[in-house]
Structure formats: structure tokens, C-alpha cells
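Atom set for the values below is all heavy atoms of this structure, side chains included, hydrogens, waters and symmetry mates excluded. Just so you know, ligand 1 is whichever comes first in the structure, and atom 1 is the first atom listed for that ligand. Bear in mind that the values here come from a model prediction, so they are computed numbers and not experimental data.
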Amino acid sequence: MLSITNMLFNMQILDGIATSNVIKSRIKQEVDALVQSGKRRPHLAAVLIGDNGASLTYVGAKVKACEAVGFESSLIHKPADITQEEVLGIVAQLNADDRIDGYIVQLPLPSHINETAVLLAIDPRKDVDGFHPENVGRMALNLPTFLPATPYGIIQLLEHYKIETSGKHCVVIGRSNIVGLPMGILMQRNTYPGNCTVTIAHSKTRNLKELTLQADIIVAALGRPEFVTGDMIKDGAVIVDVGITRIVDETKKSGFRLAGDVHFESVSAKCSAITPVPGGVGPMTIASLLMNTLQAAKG
Ligand code: GUN
């Protein structure tokens with residue numbers, strides 16, 4: 001049932017499936033044009049180490065999305081006991097392979113592998129995840145680069161729905177290298193979407209609710225299901241939910257349901273716009289990775 005506030009604000013669902021479909025059809029048109037002009041299809045490779053269930057799902061979705069837009073894709077799946085040297089060997093091969101435009105090494109890596117060493121070994125020109133320190137630096141300085149897919153997807157979703165950001169207070173909850181840190185950088189840049197006053201909150205933040213109650217935009221990326229509740233947000237806030245966790249639910253046939261970092265029911269009664277889980281940030285992340293790969297292919 002819609003609450004009174006909710007009706008006043010005409011609450012909007014920021015639909016990541018519909019928006020990513022618009023982006024993917026634009027990419028497909030560009031691929032068709034490339035192929036018609038005699039060029040080869042963009043080619044994305046994904047390196048997956050071990051059998052982490054979530055990573056298997058994410059990489060599977062990325063490979064499937066490549067097919068949908070007409071990209072070539074390669075999956076390099078290795079067992080969890082692979083050595084660091086072997087991983088670096090794969091990275092060196094991908095750097096040298098002219099048929100590969102861009103590639104990702106799915107994170108997290110097993111604990112015996114030094115993630116920084118692997119990310120540093122990726123050729124920044126093929127780093128379509130935007131995780132290489134050179135690309136992170138370029139992003140911070142607003143120079144041309146590959147933006148990390150999840151924050152890039154969120155930016156594109158805000159843009160698609162013409163969400164006002166200039167002068168707004170954006171509270172990002174979470175400071176991971178993949179989401180929280182780049183999200184904060186992008187939201188404070190002098191561009192649209194951007195020009196926010198940004199607060200990055202994290203596990204040591206003491207007055208979180210005081211901060212979120214002041215937020216015009218909240219990006220929840222802490223990985224704790226249903227952490228952000230209605231009492232933590234102000235009326236009319238824009239809510240971006242990056243979390244996606246399986247939680248036990250006996251009422252479901254599968255025995256589980258997917259929950260975001262936001263308690264949808266209480267928050268959607270007060271906010272002006274919200275991303276659903278699933279169907280919000282996730283599909284946008286994939287569409288952004290495809291955009292980066294197309295950019296890499298075009299050189
Ligand atoms: N693990 C969680 N998100 C991502 C992502 O966007 N890229 C990679 N490589 N690993 C991830």
C-alpha cells in the first residue's frame with residue numbers, strides 16, 4: 001500500500017533492467033555497424049579462479065550479456081589452488097593477445113593470491129573493470145578512462161532518470177575499492193551526474209543515522225541485508241541499493257530470496273526514487289562493462 005508521503009513524492013522505481021536494455025540495444029547497433037564495416041566483433045575475456053557461487057553467477061551473466069550484444073567472449077576458469085605465477089601468466093597472455101579487447105579478473109581471488117599484484121599486471125588499456133591504479137587515478141582526475149562498472153552503472157541510471165545531483169548531499173555507505181570509493185569520487189566530480197557534497201560512511205562511522213537522515217541521495221554498498229531502514233532516511237531521498245545477498249526464506253520454493261542492503265518496504269514508503277533488488281544496480285553493472293569493452297575495442 002502507498003503511504004501518503006509516498007503518493008506526494010510519486011515514488012519512482014529506478015528500473016535497471018529497462019535502462020540496461022536501452023544501453024545494450026545501442027551497443028548492439030554499434031557492433032552491427034562495426035561488423036558491417038569489416039571490423040571484428042569486440043571480445044571480452046573473463047578470468048575466474050575457484051568456484052565461489054556468487055562469482056560463478058556474475059561471470060556467467062557477463063558472458064551471456066556479451067552474446068546478447070554480439071560480442072565475442074572467452075571464459076578462463078581455473079581451480080582455486082592455481083599459483084600466483086600461473087595467474088600472472090594468464091594475465092600476460094591476455095595482455096599480449098590482439099584478439100582480446102578487454103578482460104576482467106573476477107574478484108575476490110583466493111587468499112593466497114596477491115590481488116594488487118594481479119591488478120597491477122593488467123594492461124590499463126584492456127582494464128575494462130577500471131581497477132588498475134592508473135585507471136583509478138585517471139578517474140579521480142576526471143581524465144578519459146574505464147570507469148568501474150558498478151559506480152558507472154549507477155551514474156548512468158541516475159542520468160537516465162534525470163535525477164538531480166548538483167549541490168545534493170550524497171551519503172555512500174561502504175568504502176570498497178569496487179563500489180564505495182569510486183562512487184564517492186564520481187559523485188563529487190564537477191559534471192552531471194555529480195557535483196554532490198559526498199560523505200563516505202563505513203564500519204567505523206559513529207553517527208551513521210545522523211548522516212543518512214541528512215542525505216538527499218544514499219548509495220548503500222556495505223553488504224549487510226536490509227541494513228538501511230525507513231527511520232534512517234529523510235522524506236524524498238533517492239536510494240541506490242548495491243547489496244545483493246541470499247537470505248533464507250521458507251516461503252519461497254527455492255528456500256531463499258535476494259535482499260538488498262536496503263529494507264525496501266520501510267524505505268520505499270518515504271523515498272522519492274529507489275533501485276529494486278534484483279533488477280536495479282546489477283543489470284546496470286553488466287551494461288557498463290559492455291560499454292567499457294566497446295570503448296576498448298574502438299581504441
Ligand atoms: N567482484 C564483484 N564485483 C566485481 C566487478 O565488478 N568486477 C570484478 N572483476 N570482480 C567483481
Worksheet item: Which of the numbered atoms in ligand 1 are below 4.0 angstrom from a heavy atom of Lys62?
Response: 5 (C), 7 (N)
Worksheet item: Would you call Arg257 and Asp249 a salt bridge, taking side-chain N to carboxylate O under 4.0 Å as the test?
Response: yes
Worksheet item: Where does Leu289 meet ligand 1, judged by heavy-atom distances below 4.0 Å: at the side chain, the backbone, both, or neither?
Response: neither
Fill in: hydrophobic_cluster_shared for Phe131 and Ile155, side chain cutoff 4.5 Å
yes
Item to complete: Could you tell me whether Asn207 atom CG has more than 12 heavy atoms of other residues or ligands within 6.0 Å of it?
Response: yes
Worksheet, complete the sentence: With heavy atoms and a 4.0 Å threshold, my read on which part of Phe131 contacts ligand 1 is side chain
Worksheet, complete the sentence: Those residues at least two apart in sequence (or on a different chain) that pass side-chain contact (heavy atoms from CB on, under 4.5 Å) with Ser288 are Ala149, Tyr152, Gln156
Discussion item. Quick test: of every protein heavy atom, which one is nearest to atom 8 (C) of ligand 1, and how far off is it to 0.1 Å?
Written reply: Asp129 OD2, 3.3 Å
Worksheet item: Would you say Lys39 has more than 12 foreign heavy atoms packed within less than 6.0 Å of its NZ?
Response: no
Fill in: ligand 1 versus Leu107: contacting region, heavy-atom distance under 4.0 Å
both
Discussion item. Below the 3.5 angstrom mark, is there an N/O of Pro108, backbone or side chain, next to an N/O of ligand 1?
Written reply: no
Response to the item:
For atom 11 (C) of ligand 1, the closest protein heavy atom turns out to be Gln106 NE2, 3.3 Å
Item to complete: Using a cut-off of 6.0 Å, state whether more than 12 heavy atoms not belonging to Arg40 lie near its atom CZ.
Response: yes
